[in-house]
Amino acid sequence: QVQLVESGGGLVQAGGSLTLSCAASRLTVRSYNMGWFRQAPGKEREFVAAVSRSVGSTYYSGSVKGRFAISRDSAKDTVSLQMNSLNPEDTAVYYCAAGRYISDYASPRGYDYWGQGTQVIVSS
């Protein structure tokens, strides 16, 4: 069965950086649209970034554009999220997701597979 496993979360001070990784099994990341979402306590899950299948176009939410960068490694079937200039508002559980056919990258509904999430805490 398909598995997405996130890693790389942790505690970081404001202004710092973290890199999250999503390892896929039984799924070829180049053949899927891959996304990162996050969910803070008491809030809905929100879109962070996505990379489209095949072409590899990237998409970002307005709140992270210019600070975060999504990338994929087709040889290793991993997707990474480089996060820079972190602030306390970035504190959340970050989820990796994969979807074959997506019309709206920012909507969780289009994604078929989800990881278990990794916690990111940014202290002020």
Side-chain angles (χ1 to χ4, degrees):
Q1 64 193 42
V2 171
Q3 273 194 317
L4 301 175
V5 180
E6 302 96 336
S7 61
L11 175 63
V12 63
Q13 286 190 332
S17 299
L18 275 178
T19 300
L20 305 183
S21 183
C22 172
S25 59
R26 299 187 184 275
L27 179 151
T28 303
V29 297
R30 194 175 188 278
S31 299
Y32 280 75
N33 301 289
M34 302 298 298
W36 285 97
F37 288 76
R38 66 187 182 186
Q39 188 166 17
K43 294 188 177 181
E44 292 188 354
R45 191 167 297 190
E46 67 168 348
F47 170 73
V48 175
V51 54
S52 68
R53 64 187 177 111
S54 298
V55 176
S57 299
T58 56
Y59 306 88
Y60 298 94
S61 69
S63 62
V64 308
K65 194 170 185 178
R67 300 188 298 123
F68 291 11
I70 188 171
S71 62
R72 72 181 179 204
D73 186 331
S74 298
K76 297 181 179 179
D77 276 327
T78 59
V79 177
S80 297
L81 184 69
Q82 173 68 44
M83 306 186 296
N84 300 319
S85 301
L86 287 161
N87 58 63
E89 290 70 37
D90 296 315
T91 295
V93 177
Y94 284 70
Y95 297 91
C96 175
R100 195 69 188 271
Y101 304 105
I102 292 179
S103 58
D104 180 2
Y105 293 101
S107 172
R109 288 194 300 270
Y111 293 84
D112 304 310
Y113 305 103
W114 292 84
Q116 82 290 348
T118 185
Q119 177 75 59
V120 172
I121 299 173
V122 184
S123 63
S124 57

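Position 1 is the first residue of the sequence; numbering continues from there.
Rounded to the nearest 0.5 angstrom, E89 CD and S124 OG are separated by 9.0 Å. Between F68 atom CZ and S17 atom OG the span is 9.5 Å, to the nearest 0.5 Å. Rounded to the nearest 0.5 Å, atoms CG (N84) and OG1 (T19) are 7.5 Å apart. The distance from the OG atom of S63 to the CZ atom of R38 is 4.5 Å, given to the nearest 0.5 Å. Rounded to the nearest 0.5 angstrom, S85 OG and R67 CZ are separated by 7.0 Å. Between the CZ atom of R72 and the OG1 atom of T58 there is a distance of 10.5 Å, given to the nearest 0.5 Å.
Ion pair R109/D104 not flagged as a salt bridge, since none of the NZ, NE, NH1 or NH2 atoms sits closer than 4.0 Å to an Asp/Glu carboxylate oxygen.
The two residues A98 and L27 have their closest heavy-atom pair at CB-CD1, 3.7 Å. Minimum interatomic distance between M34 and C96 (heavy atoms only, all atoms of both residues): CE-SG, 3.9 Å. Between S74 and R30, the shortest heavy-atom distance links the atoms OG-CB, 3.6 Å. Closest approach of V29 to D73, counting heavy atoms only: CG2-O, 4.0 Å. The minimum heavy-atom distance linking A92 with A40 is given by the pair CB-N, 3.8 Å. When all heavy atoms of S52 and N33 are compared, the pair lying nearest together is CA-OD1, 3.4 Å.
When the side chains of ILVMFWY residues are joined at heavy-atom separations under 4.5 Å, either directly or via intervening members, V51 and W114 end up in two distinct hydrophobic clusters. Note on V64 and V12: same hydrophobic cluster, where clusters join Ile, Leu, Val, Met, Phe, Trp and Tyr whose side-chain heavy atoms are under 4.5 Å apart, directly or indirectly. Under the 4.5 Å side-chain heavy-atom criterion for Ile, Leu, Val, Met, Phe, Trp and Tyr, L20 and V79 are members of the same hydrophobic cluster. When the side chains of ILVMFWY residues are joined at heavy-atom separations under 4.5 Å, either directly or via intervening members, Y32 and I102 end up in two distinct hydrophobic clusters. A single hydrophobic cluster is seen to contain both W36 and L18, as judged by linkage of ILVMFWY side chains at heavy-atom distances under 4.5 Å, directly or through other members.
Proximity of a side-chain donor or acceptor of E6 to a complementary backbone N or O of G117 within less than 3.5 Å is detected. The closest donor-acceptor contact from the side chain of R100 to the backbone of S31 lies under 3.5 Å. Between the side chain of S21 and the backbone N or O of S80, no donor-acceptor pair lies under 3.5 Å.
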What's the verdict on side-chain hydrogen bond (donor to acceptor under 3.5 Å, both in side chains) for Q13 and S123, showing C-alpha distance, side-chain angles and the deciding distance?
CA-CA 5 Å; Q13 286 190 332; S123 63; 5.0 Å; no
Does Y111 form a ring-ring contact (aromatic ring centres under 6.0 Å, His included) with F37? I'd like the steps, not just the answer.
CA-CA 11 Å; Y111 293 84; F37 288 76; 5.1 Å; yes
From CA spacing to verdict: side-chain contact (heavy atoms from CB on, under 4.5 Å), Y60, I70
CA-CA 9 Å; Y60 298 94; I70 188 171; 3.5 Å; yes
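Inter-residue side-chain proximity for Y113 and R26 is flagged as unmet; no heavy-atom pair is nearer than 4.5 Å. Counting heavy atoms from C-beta outward, M83 and V48 have side chains that stay 4.5 Å or more apart.
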